[in-house]
J.: 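Okay, here's the structure, questions in a sec.
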Amino acid sequence: HKYDAIPSRDYYRLMSSLHSGERAEIALGNTQETVLGWRDIASTPQPSWLFRRGDYYDRAIPVQLGFIEVLTRGVTPDDYVQRAREAGTKTDTTYQRQAIADWITDVDHGGGALLARVIVNRLWHYHFGTGLVDTPSDLGVNGGLPSHPALLDWLACELLEPTICSTDPQVDRWQLKRIHRLIVTSRTYRQSSNATDAGLAIDASSRLLWRFPPQRLEAEALRDAILAVSGSLNLTMGGPGFDLFVANSNYVKVYETKTAFTTDDFRRMVYQSKPRSELDTFFGAFDCPDAAQSQPTRTVSTTPLQALNMLNGAFLIEQADRFAARLMREAGDDPAEQVDRAFLLAFGRAATAHERSAAIALVKQHGLPMVCRSLYNASEFISVR
């Protein structure tokens with residue numbers, strides 16, 4: 001609801017919690033590792049003001065910690081702070097940010113009911129490509145209307161009161177994994193993506209969920225899938241990330257996409273150290289977002305660069321060669337066995353008779369790497385259906 005109008009007083013009262021702190025390196029538990037975070041500079045809140053028209057030097061109206069009034073019912077900010085102090089053990093904090101977190105998740109007196117609708121809509125967005133509300137960062141008056149309002153409310157209630165689908169009395173509120181499971185085991189999620197003329201005539205975008213909406217793999221998932229099929233994916237967990245760029249430094253650092261890779265570069269994309277405002281030439285073409293700005297939904301485009309990268313890109317050609325080498329190791333020299341194994345690895349299914357004969361002919365005419373490149377470029381590989 002970030003575009004909905006709120007009183008200036010609510011905004012500056014909420015922001016006042018940041019006036020008592022500073023950016024700092026904060027230790028992670030009892031380890032020697034640190035992260036950049038926010039810490040209080042004292043246990044007493046620092047003075048804060050309402051800056052009329054954004055004038056930083058206007059100190060005429062002092063304010064104290066407060067929340068969005070329309071989402072606050074029956075509990076004051078001081079009550080939240082007092083509860084946080086009673087539950088905490090630290091003496092060098094104001095507990096204001098803990099109070100904000102408690103208010104945001106307070107279903108009965110704070111913003112918890114709204115938060116639940118926002119988060120379950122976001123989960124639905126990731127599984128179906130589009131949320132029940134198609135503006136996942138704006139469920140307010142300027143955002144889209146929910147396609148299934150009753151379903152959105154039901155999922156939010158299930159997140160907050162897990163009694164409908166759970167028989168475990170120990171299940172608590174806010175368990176997102178349970179909502180994930182609920183969605184992916186539903187008949188709606190498991191239905192076919194096959195289209196019908198009648199359905200397309202009424203709802204071509206599949207907003208009414210009459211079929212599973214086909215969607216292209218995101219750039220990171222596409223890269224991980226390519227590496228997994230070729231047998232190159234490095235499943236090492238934790239530790240420093242990898243970089244897809246070669247940094248050339250003079251007066252200004254210039255990033256160039258790597259053309260040679262090591263095993264460390266083949267880790268899952270979640271471990272990429274991503275510089276801001278930089279997109280590598282291969283996966284940047286697949287709408288991998290710019291890390292310099294927030295983006296509620298990814299752009300999904302279809303461009304010639306995507307097809308050229310998948311057909312002739314150095315990364316794809318190398319992985320096709322690795323895929324072919326894997327097939328030779330696991331299926332031997334028989335083209336028929338190689339094709340059977342290739343379809344199973346790439347698509348998780350056996351080849352049809354027509355696909356099998358065509359692929360065997362392609363192996364004999366152009367070699368096994370060409371078949372691997374063809375499978376990588378198939379719509380079935382790059383799309384979720």
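Any value given below was found using the heavy atoms of this structure, including those in side chains, with hydrogens, waters and symmetry copies removed.
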J.: Using atom types as modelled and distance alone, determine if a side-chain donor or acceptor of N234 lies under 3.5 Å from a backbone N or O of F266.
T.: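 Not confirmed, N234 side chain does not pair with F266 backbone.
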J.: Does K258 come within less than 4.0 Å of D265, counting only side-chain N to carboxylate O?
T.: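 A salt bridge links K258 with D265.
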J.: If I take atom CG from residue L145 and atom CG from residue L132, how far apart are they, to the nearest 0.5 angstrom?
T.: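 It is 12.5 Å, given to the nearest 0.5 Å.
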J.: Given R268 and T236, is the side chain to side chain donor-acceptor pair (under 3.5 Å) satisfied, shown in steps?
T.: CA-CA 8 Å; R268 288 179 298 149; T236 302; over 6 Å; no
J.: Distance alone, cut at 3.5 Å: any donor-acceptor contact between the side chains of T93 and R39?
T.: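 Result is no, nothing qualifies.
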J.: Any heavy-atom pair between the side chains of V133 and H125 that's under 4.5 Å?
T.: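 H125 does not reach V133 side chain to side chain.
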J.: Under the 3.5 angstrom rule, does the side chain of R73 hit a backbone N or O of G110 as a donor-acceptor pair?
T.: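 At least one qualifying donor-acceptor pair exists.
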J.: Are D79 and T76 close enough that a side-chain donor and a side-chain acceptor fall under 3.5 Å?
T.: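 Per modelled atom types, D79 and T76 side chains form a pair under 3.5 Å.
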J.: Within a 6.0 Å radius of atom CD on Q191, are there more than 12 heavy atoms belonging to other residues, nucleotides or ligands?
T.: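 Yes, CD of Q191 has more than 12 neighbouring heavy atoms, counting only those of other groups under 6.0 Å.
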J.: Kindly give the heavy-atom pair with the smallest separation between G231 and R326, and that separation in Å.
T.: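 That would be N-NH1, 3.6 Å.
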J.: Looking at D108, I'd like to know if its CG atom is crowded, meaning that more than 12 non-hydrogen atoms belonging to other residues, nucleotides or ligands lie closer than 6.0 Å.
T.: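 Yes, because the 6.0 Å sphere around CG of D108 holds more than 12 heavy atoms from other groups.
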J.: Above 12 or not: heavy atoms from other molecules or residues under 6.0 Å from CD of E33?
T.: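 Open: at most 12 neighbouring heavy atoms sit under 6.0 Å from CD of E33.
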J.: Could you give me the CA-CA distance, side-chain angles and deciding distance for N312 and R373, then say whether side-chain contact (heavy atoms from CB on, under 4.5 Å) is met?
T.: CA-CA 9 Å; N312 303 313; R373 288 168 67 185; 3.2 Å; yes
J.: Checking side-chain polar atoms at under 3.5 Å, does Q319 have a donor or acceptor matched by the opposite partner on S232?
T.: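 Indeed, the side chains of Q319 and S232 share at least one donor-acceptor pair under 3.5 Å.
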J.: More than 12 heavy atoms of other residues, nucleotides or ligands under 6.0 Å from CD of Q295: yes or no?
T.: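 Counting other residues, nucleotides and ligands, CD of Q295 exceeds 12 neighbours.
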J.: Quick check on side chain to side chain contact (heavy atoms under 4.5 Å, CB included): which of I104, L14, L114 does I68 satisfy it with?
T.: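 By the side chain to side chain contact (heavy atoms under 4.5 Å, CB included) criterion, I68 pairs with just one of I104, L14, L114: L14.
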J.: Using distance alone, with no hydrogens and no angle criterion, decide if D287 and S301 have a side-chain donor and acceptor under 3.5 Å apart.
T.: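 Their side chains do contain a donor-acceptor pair, which is all the 3.5 Å distance test asks for.
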J.: With a 6.0 Å cut-off on ring centres, are Y376 and F323 close enough?
T.: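 When the ring centroids of Y376 and F323 are compared, they turn out to be within the sub-6.0 Å range.
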J.: Is a side-chain N or O of S20 found less than 3.5 angstrom from the main chain of S17, in a donor-acceptor match?
T.: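 No; judged by distance alone, with no hydrogens or angles, the pair does not exist.
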J.: Set out, in order, the CA-CA distance, both residues' side-chain angles and the distance that settles salt bridge (Lys or Arg N to Asp or Glu O under 4.0 Å) for D340 and R356, then state yes or no.
T.: CA-CA 7 Å; D340 289 342; R356 192 169 188 265; 2.8 Å; yes
J.: Working to the nearest 0.5 angstrom, can you tell me the gap between S8 OG and R13 CZ?
T.: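 Reported value, rounded in 0.5 Å steps: 13.0 Å.
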J.: Once rounded to the nearest 0.5 Å, what's the spacing between atom CD1 of I183 and atom CG of L155?
T.: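 Here the interatomic distance stands at 5.5 Å.
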J.: If you look only at pairs with a residue in residues 10-45, which of them pass as a ring-ring contact (aromatic ring centres under 6.0 Å, His included), with sequence neighbours excluded?
T.: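 Checked against ring-ring contact (aromatic ring centres under 6.0 Å, His included) - neighbours excluded - the pairs reaching residues 10-45 are Y12-F51.
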J.: How many angstroms lie between atom CD1 of I100 and atom OG of S16, to the nearest 0.5 angstrom?
T.: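 Reported to 0.5 Å precision, the distance equals 7.0 Å.
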J.: Say whether S193 and R211, considering side chains only, have a donor N or O and an acceptor N or O under 3.5 Å apart.
T.: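 Result is no, nothing qualifies.
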J.: Quick one: closest heavy-atom pair of D243 and S273, and the distance?
T.: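 In terms of heavy atoms, the two residues are closest at OD1-O, 3.9 Å.
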J.: Answer yes when E337 and R341 have at least one side-chain N-carboxylate O distance shorter than 4.0 Å, and no when they do not.
T.: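 Salt bridge absent between E337 and R341.
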J.: I'd like to check the side chain to side chain donor-acceptor pair (under 3.5 Å) partners of D334; sequence neighbours left out, ordered by chain and number.
T.: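 Partners of D334 by the side chain to side chain donor-acceptor pair (under 3.5 Å) criterion come out as none, since no residue qualifies.
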J.: To the closest 0.5 Å, what do you measure between OG (S43) and OH (Y95)?
T.: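 It comes to 10.0 Å.
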J.: Measure from the side-chain N and O atoms of Y271 to the backbone N and O of G238, and report whether any donor-acceptor pair falls under 3.5 Å.
T.: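 Yes.
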J.: Can you confirm whether R267 sits close enough to M237 that some side-chain heavy atom of one is under 4.5 Å from a side-chain heavy atom of the other?
T.: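 Of all side-chain heavy-atom pairs linking M237 with R267, none is under 4.5 Å.
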J.: Please determine, by modelled atom types, if D40 and T94 share a side-chain donor-acceptor pair under 3.5 angstrom.
T.: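 Short answer, yes.
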J.: How about R349 and E380: do any of their side-chain heavy atoms sit closer than 4.5 Å?
T.: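 Sidechains of E380 and R349: in contact.
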J.: Near R23 CZ, under 6.0 Å, is it more than 12 heavy atoms from other residues, nucleotides or ligands?
T.: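 Counting other residues, nucleotides and ligands, CZ of R23 stays at 12 neighbours or fewer.
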J.: State, without any angle test, whether T352 and E355 hold a side-chain donor-acceptor pair at a distance under 3.5 Å.
T.: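 Yes.
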J.: Can you check whether P77 reaches F67 side chain to side chain, under 4.5 Å on heavy atoms?
T.: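 Answer yes - side chains close enough.
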J.: Which atom names give the shortest non-hydrogen contact between E158 and L182, and what distance separates them?
T.: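 Where E158 meets L182 most closely, the heavy atoms are CG-CD2, 3.9 Å.
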J.: Between NE2 of H148 and CG of L209, what distance do you get to the nearest 0.5 Å?
T.: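 Interatomic distance, H148 NE2 to L209 CG, rounded to 0.5 Å: 4.5 Å.
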J.: Look at the rings of F315 and F261 and say which category their plane angle falls in: under 30° parallel, 30 to 60° tilted, over 60° perpendicular.
T.: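 Correct class here is perpendicular.
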J.: How close do P335 and K364 get, heavy atom to heavy atom, and via which atoms?
T.: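 Nearest heavy atoms, P335 then K364: CG-CE, 4.5 Å.
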J.: Checking the side chain of D134 only, and the main-chain atoms of P136 only, is there a donor and an acceptor separated by less than 3.5 Å?
T.: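 No; zero donor-acceptor contacts below 3.5 Å.
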J.: Indicate the atoms forming the closest heavy-atom contact of V363 with V371, along with that distance.
T.: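 That closest heavy-atom pairing would be CG2-CG2, 3.3 Å.
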J.: Between the main-chain N or O of R216 and the side-chain N or O of E218, is there a donor-acceptor pair closer than 3.5 Å?
T.: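 Looks like no, no N/O pair under 3.5 Å.
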J.: Please evaluate residues I382 and F286 with respect to the criterion side-chain contact (heavy atoms from CB on, under 4.5 Å), reporting the C-alpha separation (whole Å), side-chain torsions for both, the decisive distance (0.1 Å), and the verdict.
T.: CA-CA 11 Å; I382 64 176; F286 287 89; 5.7 Å; no
J.: Hey, are the side chains of T257 and F283 touching, using non-hydrogen atoms and a 4.5 Å cut-off?
T.: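 Not in contact.
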J.: Given 3.5 Å as the limit, does a donor-acceptor pair link the side chain of Q215 with the main chain of S383, or not?
T.: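 Pair absent, no side-chain N/O of Q215 close to backbone of S383.
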J.: For the side chain of R59 and the backbone of Y56, is there at least one donor-acceptor N/O pair under 3.5 Å apart?
T.: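 Side chain of R59 to backbone of Y56: a pair is present.
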J.: Closer than 3.5 angstrom, by distance alone: can the side chain of D203 be matched with the main-chain N or O of W210 as a donor-acceptor pair?
T.: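 No, the answer is negative, given that no donor and acceptor are paired below the 3.5 Å cut-off.
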J.: Would you please say whether a donor-acceptor pair under 3.5 Å links the side chains of R385 and S192?
T.: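 Per modelled atom types, R385 and S192 side chains form no pair under 3.5 Å.
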J.: Compare all side-chain heavy atoms of R122 with those of L176 and state whether any distance is below 4.5 angstrom.
T.: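 No, side chains not in contact.
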J.: Working note: V184 + Y189, criterion side-chain contact (heavy atoms from CB on, under 4.5 Å); need CA distance, chi angles, decisive distance, verdict.
T.: CA-CA 6 Å; V184 300; Y189 183 84; 4.0 Å; yes
J.: Do Y80 and V75 come close enough that some side-chain heavy atom pair is under 4.5 Å?
T.: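 Side-chain contact under 4.5 Å: yes.
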J.: P146 and L152: which non-hydrogen atoms are nearest, and at how many Å?
T.: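 Reported closest heavy-atom pair: CB-CD2, 4.3 Å.
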J.: For the residue pair H180 and H127, categorise the inter-ring angle as parallel (less than 30°), tilted (30 to 60°) or perpendicular (more than 60°).
T.: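 Perpendicular.
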J.: Should the ring pair F343 and F347 be called parallel, tilted or perpendicular, given that the plane angle runs from 0 to 90° and is split at 30 and 60?
T.: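 Perpendicular, since the angle between the ring planes exceeds 60°.
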J.: Given T72 and W103, is the side chain to side chain donor-acceptor pair (under 3.5 Å) satisfied, shown in steps?
T.: CA-CA 8 Å; T72 305; W103 165 74; 3.2 Å; yes
J.: I'd like to check D55 versus R52 (side-chain heavy atoms, cut-off strictly below 4.5 Å). Are they in contact?
T.: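 No. Closest side-chain heavy atoms not under 4.5 Å.
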J.: Can any side-chain N or O of N309 pair as donor or acceptor with the backbone N or O of L305 at less than 3.5 Å?
T.: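 Yes; at least one donor-acceptor contact below 3.5 Å.
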